[in-house]
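Take a look at the structure set out below.
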Amino acid sequence: MVSHRVGETRHYGAILAPDSAAPGALPVLMYLHGGDSGVDVGDVDIIGHFLGELRDRFVYVIPSFRSERLEVGDSVWISTGPASPWDYDVDDALALLNVALELTPQAKSEGVSIIGASRGAGVAMLAGIRDESIGNIVAFFGPTDFFDGWVRQIVREAALGRPRELPGVAFMDSAFVQPYMRGEIEMADVRLELARRSSVLFAEDLPALQLHHGDSDETVAVTQAYSMIRAMESLGREPPGFEAFIYEGGGHQLFALTGAIGRAVGFLRRALGRDGAHLSHLTSVRGSGTTLGPPAHMSAASSRLPPFD
């Protein structure tokens, strides 16, 4: 467990490393949690279980996000500072990564991998854009584009006083939507904040990325995945540098995405330089054995919509 400063905030995180590893022998695997209730370090045990023989081949880094809990057994630490989903989450994660590289002799300073889910997946992609030491990202059903139609509808509802009960929405409503409605901030300021959280706008700077999303996700719409898919395809990104899996009938739960765990482990195995042949070269969008296109109501070439009329 480590405590460190990130600007004016006190941040807490966890670092796990096998004692027997030689100096500089192990790449870092960072876990970025979803939701807004904090993180339990025990969640990494689940990742280790599925990694199997790869479990002890990583140094694990688990950040909390500011204002949230970090739990280990019965012990709880709470990082200080006001919440700032996605944006300052990236600062917290990268600051802890730097601490881990400094304090953990077993850790390699390059080829960092990240597994992120939901909010954490959005943070993972933004972190990969900002830090060149990050080489591989596995992103499960995370936001990528705060200018798409799904976000536009959420913003409209918030402007009418009916914000959805989704992670990050209460913050966005109080920090940007309501101040805009009261005339306290300009549209340009709101757009800048949305752009800072939209990894799709900076897709050309993303490292190797494996994307997973269910087409029945009611928490983060699958349109977010399709925004990133279109951006990566326009850049000519293909396997192994970019893979996207859309799961027919899949919701906002990892275990509901059939085959996702095996694909993620294969991706990380390949990142370690092991044989990843079982992940065969895939078309850009696949899921459960079926190649899928965008939903019928959404053109593959549809343009992004502004958050407000």
Side-chain angles (χ1 to χ4, degrees), residues 2 4-9 11-17 24-34 39 44 47 57-66 68 70 79 81 84-140 142-146 192-211 228 231-232 235 237 240-243 264 267-268 270-273:
V2 297
H4 61 114
R5 303 291 298 185
V6 184
E8 298 299 317
T9 69
H11 182 257
Y12 294 95
I15 304 167
L16 290 77
L26 302 179
V28 168
L29 177 57
M30 181 181 289
Y31 169 66
L32 300 179
H33 71 85
V39 60
V44 175
I47 297 175
R57 299 194 62 192
F58 292 100
V59 170
Y60 297 87
V61 176
I62 307 102
S64 59
F65 298 138
R66 58 190 62 192
E68 294 183 355
L70 177 73
S79 293
S84 180
W86 300 289
D87 187 19
Y88 281 117
D89 293 350
V90 181
D91 293 62
D92 296 338
L94 293 181
L96 181 63
L97 173 60
N98 289 332
V99 170
L101 294 176
E102 180 179 347
L103 296 181
T104 315
Q106 302 97 317
K108 290 182 179 179
S109 59
E110 70 283 341
V112 174
S113 296
I114 304 179
I115 294 178
S118 193
R119 173 184 177 181
V123 176
M125 288 180 276
L126 293 167
I129 290 163
R130 285 172 49 178
D131 193 322
E132 293 183 353
S133 71
I134 296 168
N136 312 282
I137 298 171
V138 180
F140 294 99
T144 69
D145 185 355
F146 281 78
L192 179 60
E193 293 294 343
L194 297 178
R196 289 171 64 84
R197 293 164 168 82
S198 297
S199 56
V200 72
L201 300 180
F202 313 97
E204 62 185 4
D205 295 321
L206 278 164
L209 171 65
Q210 188 182 78
L211 196 68
M228 182 59 76
M232 296 296 258
L235 294 168
R237 294 283 294 272
F242 175 63
E243 298 170 344
F267 182 82
L268 294 174
R270 190 168 57 202
L272 285 170

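Because the structure is a prediction, the values reported are computed rather than measured.
- Between G24 and K108, the shortest heavy-atom contact is O-CG, 3.1 Å.
- Partners of A25 by side-chain contact (heavy atoms from CB on, under 4.5 Å), not counting sequence neighbours, listed by chain and number: A22.
- Here the CG-OG distance, from L70 to S79, works out to 7.0 Å after rounding to the nearest 0.5 Å.
- When all heavy atoms are compared, the tightest approach of A264 to Q210 is CA-OE1, 3.2 Å.
- Of the inter-residue distances, the one linking L94 atom CG with R130 atom CZ reads 5.5 Å to the nearest 0.5 angstrom.
- When side chains are defined from C-beta on, V112 does not count as touching P27, because their heavy atoms never get closer than 4.5 Å.
- Judged purely by atom type and a 3.5 angstrom limit, R270 has no side-chain atom pairing as donor or acceptor with the backbone of G273.
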Quiz item: When you look at Y60 and I62, which way does the side chain to side chain contact (heavy atoms under 4.5 Å, CB included) test go after all the steps?
Solution: CA-CA 7 Å; Y60 297 87; I62 307 102; 4.2 Å; yes
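- The two residues S198 and F146 make their nearest non-hydrogen contact at OG-N, 2.9 Å.
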Quiz item: Does the side chain to side chain contact (heavy atoms under 4.5 Å, CB included) test come out yes or no for E243 and L211, once each step is laid out?
Solution: CA-CA 6 Å; E243 298 170 344; L211 196 68; over 6 Å; no
Quiz prompt | Evaluation steps, side chain to side chain contact (heavy atoms under 4.5 Å, CB included), between N136 and I114 | solution = CA-CA 6 Å; N136 312 282; I114 304 179; over 6 Å; no
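- The distance from atom CG of D92 to atom CG of L97, rounded to the nearest 0.5 Å, is 12.5 Å.
- Residue M125 comes nearest to I137 through the heavy atom pair CA-CD1, 3.9 Å, listed as atom of the first residue, atom of the second, then distance.
- In this structure, L32 and M30 have side chains that are in contact, with non-hydrogen atoms separated by less than 4.5 Å.
- Contact record, A107 with V28: CB-CG2, 3.9 Å, taken as the closest heavy-atom pair.
- Taking 4.5 Å as the limit, some side-chain heavy atom of I115 sits within range of a side-chain heavy atom of L268.
- A distance-only check finds no donor-acceptor pair linking the side chain of R197 to the backbone of V123 [under 3.5 Å].
- With rounding to the nearest 0.5 angstrom, the CG atom of D131 is 12.5 Å from the CG atom of L126.
- Distance check: S118 OG to H33 NE2 gives 10.5 Å after rounding to the nearest 0.5 Å.
- Within the 4.5 Å cutoff, no side-chain heavy atoms of L29 are placed close to those of V59.
- With a 4.5 Å cut-off on side-chain heavy atoms, L16 and F58 do not count as touching.
- Residue A208 comes nearest to P240 through the heavy atom pair CB-O, 4.3 Å, listed as atom of the first residue, atom of the second, then distance.
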Exercise. With side chain to side chain contact (heavy atoms under 4.5 Å, CB included) as the test, would you mind laying out the steps for Y88 and F65 before giving the verdict?
Key: CA-CA 8 Å; Y88 281 117; F65 298 138; over 6 Å; no
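- Checked by atom type and distance alone, the side chain of H11 pairs as donor or acceptor with a backbone atom of S64 at under 3.5 Å.
- Considering OG1 of T9 and CZ of R66, their distance stands at 4.0 Å, rounded to 0.5 Å.
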